[in-house]
Amino acid sequence: TMSLKKFKEEFLQQSQQAEGSGEEKKVVQLLMTPLIEEIGKKLNVDKLYIWTGRHNDNLVKLTLSAKGRGETATAIFCFGNKQDAQRHPNFSREEYQIQSIDIFNLLLHFATLPELDLLLVYNQKGHLNKYSQIERSGLIKDFQKLCWETGLVPRPVAETGHFGLA
């Protein structure tokens, strides 16, 4: 079941206590929240399973290369269920552990890590060849656009300011 509402409430409470100016908090609460909610609805998940290092608890970031184009992207793989997270061919039993994270925290985390490009979400149980892709640049662009469309932040600031999002 989608309990995005619950996560949203928790997230808003947490962001109240977070560091940063009142302005920044307002921006994150009013704009980032609906954006994340929308993505959560689209993916139809509220909780995902991710890989973290067995020894260091860090998010596992994988570098993917586009065939024949010589381009690379750094991605986090996430799964709608634990079994798929274990069955994925890139899963390393020795090095990784599986943790669950709610979509709010994951997307917020994703938005704040400049070294990441993609979030690959395997949200169709048992289908390890089907995934939804979320691009960090797209997420940031949508966020910036919302910032200046709502007039909360003047446009030049919206396009360059990172609000703790980089």
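Asn123 approaches Ser132 most closely through the heavy-atom pair OD1-OG, 3.9 Å. Here the closest heavy-atom approach between residue Ile50 and residue Cys78 is recorded as CG2-CB, 4.0 Å. The shortest heavy-atom contact between Ala85 and Tyr49 is CB-CB, 4.3 Å. Taking every heavy atom of both residues into account, Leu62 and Phe77 meet most closely at CD1-CE1, 3.4 Å. Shown here for Val60 and Gly53, the closest heavy-atom pair between the two residues is CG2-N, 3.9 Å. Gln83 and Lys125 make their closest contact through OE1-NZ, 4.0 Å (heavy atoms, listed as atom of the first residue, atom of the second, distance).
Side-chain N or O atoms of Asp84 include one that pairs as donor or acceptor with a backbone N or O of Gly126 at under 3.5 Å. Gln99 places no side-chain N or O within 3.5 Å of a backbone atom of Trp51 that could act as its donor or acceptor partner. A distance-only check finds a donor-acceptor pair linking the side chain of Asp117 to the backbone of Thr74 [under 3.5 Å]. Side-chain N or O atoms of Arg136 include one that pairs as donor or acceptor with a backbone N or O of Leu113 at under 3.5 Å.
For the residue pair Tyr122 / His88, a side-chain donor-acceptor distance below 3.5 Å is found, with atom types taken as modelled.
With salt bridges taken as basic N to acidic carboxylate O contacts below 4.0 Å, none links Arg54 and Glu94. Under a 4.0 Å N-O distance rule, the pair Lys145/Asp142 does not qualify as a salt bridge.
Open room surrounds OH on Tyr131; 12 or fewer heavy atoms of other groups in view lie less than 6.0 Å from it.
Leu43 is listed as a side-chain neighbour of Ile134, based on a closest heavy-atom distance under 4.5 Å.
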